[in-house]
There are 2 protein chains.
Amino acid sequence: MPEQHSTLRARRRAQTRRTIQGHAIRLFSERGYDATTMNDVADAAGVSPMTVYRHFPTKEDLVLVDEHGRLIAERIAASPAGLPLARRIGGALVDAATALTGDDMAADRQFLLARLQLMISTPALRARHLDNQYALQQAIIGALANDPADPDAAFRAQAAASACLAALHTAMVRWAEDDGRTDLPALIGRALAAVFGDDVVSPAR
Amino acid sequence: MPEQHSTLRARRRAQTRRTIQGHAIRLFSERGYDATTMNDVADAAGVSPMTVYRHFPTKEDLVLVDEHGRLIAERIAASPAGLPLARRIGGALVDAATALTGDDMAADRQFLLARLQLMISTPALRARHLDNQYALQQAIIGALANDPADPDAAFRAQAAASACLAALHTAMVRWAEDDGRTDLPALIGRALAAVFGDDVVSPAR
DNA sequence: ACCGATTTGGTAGTGACTATCACGATGGTA
DNA sequence: TACCATCGTGATAGTCACTACCAAATCGGT
C-alpha cells in the first residue's frame, strides 16, 4: 500500500507501472497472450520479473485493470432517483464511455481498444472480465434496490442491470471489432434504445 | 475421441471418470479448491495424475462439466415460436432445473449442489462459469434472433436472455445457500415472475 | 550526512499443465 | 487360440505462473 506522497518516488513507480503494462499489451497483441511469458514482459520493460509481479499480482491484471467499475457505480448512485432504472444505469454507462473515449484521450483510447480486443479473444481474460462485470452488477443492485420492504425490487434492478450490461458488452465487442472507428457512446446508446424503446442516452455533462 | 462402443472398455472409462470427479468434488468441498492439488485428487481416486489430466484437461473442468447448456439451447429452439421470448427462455430454464433436481436423482442433486457451492465461492470457477453462461446466452440469441431483416431483434433477445440468466443465477445462488432444501424450479420461477410480472413457469411436460 | 521506509532484485521453491515414450489391456480377426 | 491395432494408463522431464524469503539500492525527511 504505497502512500500517495505525490513525490518523485510515487511518480517513478507509476511510470514503471505504465511502462510494464504498455510493453505487456504490445507483446500480447503482437505475439498472443498465451505465447508471451511474464519473463518476456519483464525483459521488454527492462525490469526484473519480481517487479512485474509487484505491480500486477497476476498476468491477467496486466490487461484487466478495471477501476472503471467503481466509477460507474458511483455515477449510478448519484443519478436522480426518479428516473427509471434502465435510464439511470444506461446513462451512467454512456457517460463513462464518453469520458473514456473522448477526443482528448486518443492515446488512452487506443490503449483501451487493445486491451478490449485481448479481453474478447482470450478465454481466461474474458472469463475474468465477465466476473468483474458480475461484481459491478451486484454493486449496481446494491445501490439501487435498498428497500427491504420490496424484495422484488432487487430482482427488477438485476434484470435492468443485466440487460444494460449485456447491451454495454455487445457495444464494446462491436466497437472492438470495428477497431474503435465508430463512436462507442453512440453504440451503447443504440443498443440500449433497441432494448428499451426510447432513447436512454443522456448528455455527458 | 473415444468411440461409443458401449463396451466394457467404455464403461470402465466412464467409471474411472466418475470416480475421479467424485473424489475431486469431495476433496474440494472438504479442504478447499486451492488447497487441493491435482496429485491429491489422483491419489484419492487411486490413479496417476496423468489419468486425471486425460479425463479433465484443467482443474476447473473437474467442477464445471456443463453439458447442460446445449440441452437448454435445444429446448428453447424447440419451444413454440409464438410465445414471448422471456417465456420461452424461462420455461426452458425451469424445465431443465426440474429435470436435474427431480426426486429420482437425489444423488445427482447432491453432487450438483456441491459443485454449485464450489462454483459460487471460488473466484476462478465462478469466472469460468460466467463465461459458460455467456456462451449459452450467445447460443440462445442465435437460436431466437435469426431474422436478418430486424437487427434489433438480436438486442431484444439478448436483453431477455441476460435477464433470464441473471434470474437463474440468483435462484441458483439462493438454492446453494439454502443447501438445496427449497425447490429450485420454484425459485427460478419466482425470480422470473418478479421480473416479468406474470408467471413464466411452465409445466415440466 | 544519516535513518527509516519504499522499491527493486535474486533464489528457491510449489503447483498446474504438456510432450513424449513405454506398457498393458481390450476388441475384433484369422 | 493366436495376432494385431487400438485404447487407456503410467512415468519422466520440462515450461510457466506465482509465492515466500532475504539482500541491495534508492528516496524522504530529520
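Note that this is a predicted model, so its numbers are computed, not measured. Here is the naming used below: chain letters follow the sequence lines, and residue numbers restart at 1 for every chain.
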Can you list the residues that meet the side-chain hydrogen bond (donor to acceptor under 3.5 Å, both in side chains) rule with B:S121, with sequence neighbours excluded? none
Kindly give the heavy-atom pair with the smallest separation between B:V173 and B:I120, and that separation in Å. CA-CD1, 3.8 Å
Rounded to the nearest angstrom, tell me the gap between atom CD in A:Q15 and atom C1' in C:dT7. 15 Å
If only side-chain N and O atoms of B:H55 are considered, is one of them under 4.0 Å from the OP1 or OP2 phosphate oxygen of D:dG8? no
Grab the CZ-C1' distance between A:R11 and D:dG28 for me, whole Å please. 13 Å
Protein and nucleotides 17-24 of chain C: nitrogen or oxygen contacts under 3.5 angstrom:
unit_1	atom_1	unit_2	atom_2	d
C:dC17	OP2	B:K59	N	2.7

Would you kindly say whether B:T170 and A:Q158 are connected by a side-chain donor-acceptor distance under 3.5 Å? yes
How many whole angstroms separate atom CZ of B:R128 from atom C1' of C:dA16? 14 Å
Rounded to whole angstrom units, what separation is found between the CG atom of A:D43 and the C1' atom of C:dT8? 15 Å
Check whether more than 12 heavy atoms from other residues, nucleotides or ligands sit under 6.0 Å from atom CZ of B:R174, and answer yes or no. no
Testing B:K59, B:R31, B:R26 one by one against B:D40 for a salt bridge (Lys or Arg N to Asp or Glu O under 4.0 Å), which residue passes? B:R31
Members of residues 23-37 of chain B that approach DNA chain C, where some heavy atom sits under 4.0 Å away: B:T36, B:T37
Tested for side chain to side chain donor-acceptor pair (under 3.5 Å) against A:Y134, the lone hit among B:H169, B:H129, B:R126 is B:H169
For B:R12 and C:dA25, give me the distance from atom CZ to atom P, rounded to whole Å. 10 Å
Any B:L100 side-chain heavy atom under 4.5 Å of B:L184 side chain: no
Is B:D131 salt-bridged to A:R128, going by a charged N under 4.0 Å from an acidic O? no
